[in-house]
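Side chains are part of it too, since the values below use all heavy atoms of this structure and drop only hydrogens, waters and symmetry mates.
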Amino acid sequence: MFENNHIVQNFSKYTFLLTELIKRNISGKYKDSTLGLFWSFLNPLLSMIVLTMVFSLIFAGSIENFPVYLLSGKLVFDLFANATQGAMDSIKGNSEIIKKIYVPKYMFAIGIICSEFINFLISLIVLVVVMIATGAPFYPALIYFPIPLFFILVLTTGVGLILATATTFFTDIKYLYGVLIMLLSFMTPLFYPIEIIPQQFMFAFTVNPLYSGVSSVRDIVLNGIFPTSGPLIYLIITSIVSLIIGIYVFYKYQDKFVLNL
């Protein structure tokens with residue numbers, strides 16, 4: 001109980017630092033860009049247009065409203081990919097600060113994740129615009145959207161803390177993770193219907209929590225229903241487990257970070 005209270009008090013004490021880190025990450029992401037934050041709109045829009053042109057002809061008959069199907073999945077996946085890859089470098093990338101003064105080291109990983117979440121929320125405007133442009137209905141079930149989104153964020157935080165810890169000791173992990181992210185993008189049906197996957201390979205998809213997260217979001221956005229219980233429950237369980245493991249691993253090894261910076 002004392003340890004939990006200490007963590008809460010520690011977090012509250014450094015909330016200002018977290019706010020500054022989020023501001024720095026958001027402004028720094030596009031600091032050399034003429035369009036700046038506008039890329040948060042333009043990136044997903046351009047990706048959707050290109051992928052729609054390529055794949056809509058192939059899957060036009062099997063996916064209703066392909067642009068919304070694609071964008072609703074890709075935004076969720078990009079949130080996870082960008083946030084975890086950013087968290088991975090958060091400790092070594094702030095080594096000069098960590099060596100000089102004491103600050104809670106997890107703040108750097110959390111700051112990256114929060115800034116990517118804000119970029120995600122901005123990108124949702126593009127999804128709304130595309131839904132309007134394609135005549136997609138806005139179902140009352142959209143009020144459930146925060147439920148899978150919350151657990152996707154929990155999953156992202158847990159994985160981000162694990163990666164931030166591991167990469168501090170083993171730099172090569174970030175190169176291997178790039179390959180894993182590419183693999184996950186194909187194991188999370190972003191631009192194709194899951195129905196084309198042979199039954200013997202479905203297990204690889206069902207154990208992927210990102211597939212559960214994306215399918216839960218699409219149930220709400222495209223089908224106007226509360227997420228299917230199986231994928232949503234699996235998402236909840238895996239996200240909580242990953243967060244517990246992430247916190248445990250990070251706190252266990254954080255005192256040794258400085259020896260590897």
Would you indicate whether the side-chain heavy atoms of [Y] and [X] approach each other to under 4.5 Å?
X      : Y      : answer
Thr228 : Ser216 : no
Leu232 : Ser212 : no
Glu64  : Leu222 : no
Met131 : Val221 : yes
Thr167 : Lys92  : no
Lys252 : Thr165 : no
Leu190 : Tyr69  : no
Phe205 : Phe186 : no

Between [atom1] on residue [X] and [atom2] on residue [Y], distance to nearest 0.5 Å:
X      : Y      : atom1 : atom2 : value
Phe117 : Ile22  : CZ    : CD1   : 11.0 Å
Phe151 : Ile237 : CZ    : CD1   : 10.5 Å
Ile152 : Phe80  : CD1   : CZ    : 10.5 Å
Leu161 : Leu243 : CG    : CG    : 7.0 Å
Asp78  : Gln85  : CG    : CD    : 9.5 Å

Aromatic contact, Phe145 with Tyr139 (centres under 6.0 Å):
no
A quick test of your reading: do over 12 heavy atoms of other residues, nucleotides or ligands sit less than 6.0 Å from [atom1] of [X]?
X      : atom1 : answer
Phe138 : CZ    : yes
Phe169 : CZ    : yes
Tyr144 : OH    : no

Are [X] and [Y] grouped together when hydrophobic residues (ILVMFWY) are joined by side-chain heavy atoms under 4.5 angstrom apart?
X      : Y      : answer
Leu142 : Phe120 : yes
Phe250 : Tyr102 : yes
Met182 : Leu163 : yes
Leu184 : Ile162 : yes
Val154 : Ile112 : no

Begin from the C-alpha positions of Leu21 and Met107 and carry the test side-chain contact (heavy atoms from CB on, under 4.5 Å) through to its verdict.
CA-CA 8 Å; Leu21 287 172; Met107 282 292 187; 4.1 Å; yes
Does any donor atom in the side chain of [X] or [Y] lie under 3.5 Å from an acceptor atom in the other side chain?
X      : Y      : answer
Tyr177 : Thr84  : yes
Asp219 : Asn223 : yes
Thr188 : Asn208 : yes
Asn260 : Thr168 : no

Could you give me the CA-CA distance, side-chain angles and deciding distance for Tyr251 and Gln254, then say whether side-chain contact (heavy atoms from CB on, under 4.5 Å) is met?
CA-CA 5 Å; Tyr251 267 86; Gln254 65 174 344; 3.4 Å; yes
Do you know which two heavy atoms are closest between Val214 and Gly73, and how far apart they sit?
CG1-CA, 3.8 Å
Kindly indicate, with the supporting measurements, whether the criterion side-chain contact (heavy atoms from CB on, under 4.5 Å) is fulfilled by Ile197 and Tyr192.
CA-CA 9 Å; Ile197 302 299; Tyr192 62 88; 3.8 Å; yes
